[in-house]
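Report on one structure; see the data block that follows.
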Amino acid sequence: MDIEELLGFAKRTGFFWPAAEIYGGTSGIFDYGHLGALMRRKFEDAWLNFFVYRNENYYPIEGSNILPEKPLVASGHASRFNDVIVGCSKCKSYYRADVLLNDMKIPVAEGANASELGEVIKKNGVKCPKCSGMLLEPKAFNMMIGVSLGPEKGELGYLRPETAQSVYLNFFREFNILRKRLPIGLAIIGRAYRNEISPRQGLYRMRELTQAELQIFFDPDTFNPTDNDMLLERKLNVILYVDKKERVITGNELVASFNIPKFYAYHMGLIDYFYKEVLSIKNDRMRFLEKGGEDKAFYNKVHMDIEINVDSWNGFKEVGGLHYRSDYDLTSHSKGSNIDLSVNINGKKIMPNVLELSFGVDRNLWMLVDQSLIKDEDRSIFKIKRFLAPYAFAILPLQKDDNIIKVSRDIYENSRKIFNVYFDESGSIGRRYARMDEIGTPFCITIDFNTVDSNSNEYNTVTIRERDSKKQERIKISDISEYVSKMVKFGY
Ligand SMILES: [Zn+2]
């Protein structure tokens, strides 16, 4: 499946499409439809459940989308959150220099600066791909989107470039309220904004995106999460910066042979478990890619991208990251705010270190659609995990009979209080099944003459059909709720 096919599916069925579509849309900004919004919530709930709620002293918080300028100066975003852009002297088009070169298969280091990229452009005689005009000197372009607060030329603010900053700004208050303990985990699922020059690839590079980020604040001398040592024994696919070779290696081996901190390796195992066991991503489609040298932010002690091989993106792409950010964030905000954010733990004064688990929600949803849409003989099935499916089940009266419709509506009314369900009485039953298979509905319930016939031994029962196997069985109406609850429940 390519990008256009996936986007076509998403538009046709109700998952997502470009914002302001009736005006022709705009690059890198998307809206979620009735199915996409449901699935996104379910993904976010599962993420919170898995990474946040199960840990003592970990909590979700919410942060504002608009931030004043000062914290973003302190964090370095005002000066360093840049892409290098290059303009055309003739048609005035702008390009992200590294993306332009990548598209032309000209190798370029990820963190290359404007003058380095300018050299590569000159050396290769790169021209404007639209009009073959001369390219100007590349220059740094800050990707934050500014907003003016108040009337006239008001106070300068920015739409936050990452949710992480909102957490760092709230650390001090939360630490004090929450009995001054480490580790403490604070998570945000929310929007972030980046003025991307080349938004593209559907939900991959966006100007407004949703992040799910967990920041764990800890004392590096004592942080040792060991609630499940099996996570350190999982076989991980890893490309280390030292030799850039893909290897299969356990967390324990990474600790022993490659100097990876144990808490870091533990979280690699946790993330690996989430993708492979919870989301059912195939083993050979997931890997960790370690960043080093110019590709790594200077404050990160260890930085690995989480990559999934996504067909519509033509290979492995980043869907998240695990970043050991040292004490950079709290040190920067201590300086910027003149408030000492170091803490006292058992008489020891420390600046907490941060481990960041960062996920692009939109990217993960795209990836899941890509990996779960299956063509199976005569039908399309969206084989999404049941707990992520927009609807738990559909209610399909088999005939347009008054009694059948009445019982079907009753089931629908009662089910709606507990599940997201869909009622569909029009069209052939084959067509109705096909529609539900295509949007991933795990179960279809049909109501027929036997259901409403008090002389039938199938009185007050319905047929329930499972999406993937098409297997059907007869269950009591009174058992529907318990039956489906067990099947669609999030668990691991
Ligand atoms: Zn041009």
Side-chain angles (χ1 to χ4, degrees), residues 28-29 60-85 96 110-111 113-114 139-175 186-197 199 205-217 291 294-301 303 320-321 323-342 351-362:
I29 306 179
I61 64 169
E62 302 266 348
S64 67
N65 288 14
I66 300 173
L67 290 174
E69 187 180 23
K70 275 187 185 165
L72 295 163
V73 171
S75 70
H77 283 86
S79 56
R80 282 194 302 268
F81 194 60
N82 300 326
D83 267 345
V84 176
I85 60 170
R96 225 179 95 173
E110 194 173 305
N113 64 29
K139 59 181 180 191
F141 170 77
N142 193 279
M143 284 163 46
M144 284 200 297
I145 298 175
V147 289
S148 171
L149 306 173
E152 303 281 339
K153 284 189 183 132
E155 185 196 342
L156 179 63
Y158 289 99
L159 298 176
R160 67 181 173 198
E162 57 181 21
T163 60
Q165 293 307 320
S166 302
V167 170
Y168 306 142
L169 298 174
N170 285 297
F171 164 77
F172 191 62
R173 179 172 293 280
E174 291 287 6
F175 176 80
L186 298 173
I188 290 184
I189 297 179
R191 301 286 176 129
Y193 302 83
R194 298 171 178 185
N195 201 357
E196 295 281 357
I197 300 307
R205 208 171 283 293
M206 300 166 80
R207 288 183 168 140
E208 176 174 338
L209 55 141
T210 301
Q211 294 185 308
E213 294 192 306
L214 166 65
Q215 316 292 325
I216 306 166
F217 300 86
K291 294 292 180 80
E294 300 259 299
D295 292 354
K296 177 169 76 87
F298 68 90
Y299 48 78
N300 276 339
K301 284 194 177 168
H303 174 160
H323 314 129
Y324 176 17
R325 297 176 62 110
S326 69
D327 64 3
Y328 171 79
D329 304 291
L330 294 185
T331 301
S332 303
H333 286 303
S334 292
K335 283 184 199 143
S337 64
N338 289 319
I339 290 176
D340 181 3
L341 299 176
S342 64
M351 189 64 82
N353 280 217
V354 170
L355 182 68
E356 173 182 69
L357 285 69
S358 174
F359 300 79
V361 172
D362 315 277

Please test Q165 against H77 for side chain to side chain contact (heavy atoms under 4.5 Å, CB included), starting from the C-alpha separation and ending with a verdict.
CA-CA 10 Å; Q165 293 307 320; H77 283 86; 3.5 Å; yes
Kindly indicate, with the supporting measurements, whether the criterion side chain to side chain contact (heavy atoms under 4.5 Å, CB included) is fulfilled by L357 and I216.
CA-CA 8 Å; L357 285 69; I216 306 166; 4.0 Å; yes
Given L209 and R194, is the side chain to side chain contact (heavy atoms under 4.5 Å, CB included) satisfied, shown in steps?
CA-CA 8 Å; L209 55 141; R194 298 171 178 185; 4.1 Å; yes
Test salt bridge (charged side-chain N to carboxylate O under 4.0 Å, His left out) applied to E196 and R96, step by step:
CA-CA 8 Å; E196 295 281 357; R96 225 179 95 173; 3.6 Å; yes
Test side chain to side chain contact (heavy atoms under 4.5 Å, CB included) applied to M143 and N82, step by step:
CA-CA 6 Å; M143 284 163 46; N82 300 326; over 6 Å; no
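The two residues G336 and A74 have their closest heavy-atom pair at CA-CB, 3.9 Å. Taking both residues in full, the closest heavy atoms of E174 and I61 are given as OE2-CG2, 3.6 Å, listed atom of the first, atom of the second, then distance. Considering all non-hydrogen atoms of both residues, P68 and L72 come closest at O-CD1, 3.9 Å.
Looking at Q211, its side chain does come within 3.5 Å of a backbone N or O of T163 through a donor-acceptor pair. Of the possible polar contacts, none joining the S358 side chain to the E213 backbone as a donor-acceptor pair under 3.5 Å is found. Remark: side-chain polar atoms of E69 are not paired, donor with acceptor, to backbone N or O of G157 under 3.5 angstrom. The backbone N or O of N300 lies less than 3.5 Å from a partner atom in the side chain of K296, making a donor-acceptor pair. For R207 (side chain) and N195 (main-chain N/O), no donor-acceptor pair under 3.5 Å exists by modelled atom type. Put simply, the side chain of N338 never gets that close to the backbone of S334: no donor and acceptor are under 3.5 Å apart. Looking at R160, its side chain never comes within 3.5 Å of a backbone N or O of S166 through a donor-acceptor pair.
No donor-acceptor contact under 3.5 angstrom links the side chains of D327 and N353, judged on distance only. No side-chain N or O of N65 forms a donor-acceptor pair with one of R191 less than 3.5 Å apart.
Rounded to the nearest 0.5 angstrom, D340 CG and H333 NE2 are separated by 14.5 Å. Atom OG1 of T210 is separated from atom CG of D362 by 4.5 Å, given to the nearest 0.5 angstrom. Note that the OH atom of Y324 and the CG atom of L355 stand 8.5 Å from one another [nearest 0.5 Å]. Here D83 contributes atom CG and F81 contributes atom CZ; the two are 8.0 Å apart, rounded to the nearest 0.5 Å. In this structure, F141 CZ and I197 CD1 are separated by 4.0 Å, a value rounded to the nearest 0.5 Å. Considering NZ of K301 and OG of S326, their distance stands at 6.0 Å, rounded to 0.5 Å.
Residues P352 and F171 are in side-chain contact: their nearest non-hydrogen atoms beyond the backbone lie under 4.5 Å apart. The side-chain heavy atoms of V147 and Y158, taken from C-beta on, include no pair separated by under 4.5 Å.
Ring pair H303/H323 is perpendicular by interplanar angle, where above 60° counts as perpendicular and below 30° as parallel.
Proximity of the aromatic rings of F175 and F217 is defined here by a centroid distance below 6.0 angstrom, and this criterion is not met. Ring to ring, F298 and Y328 are close: their centroids are under 6.0 angstrom apart.
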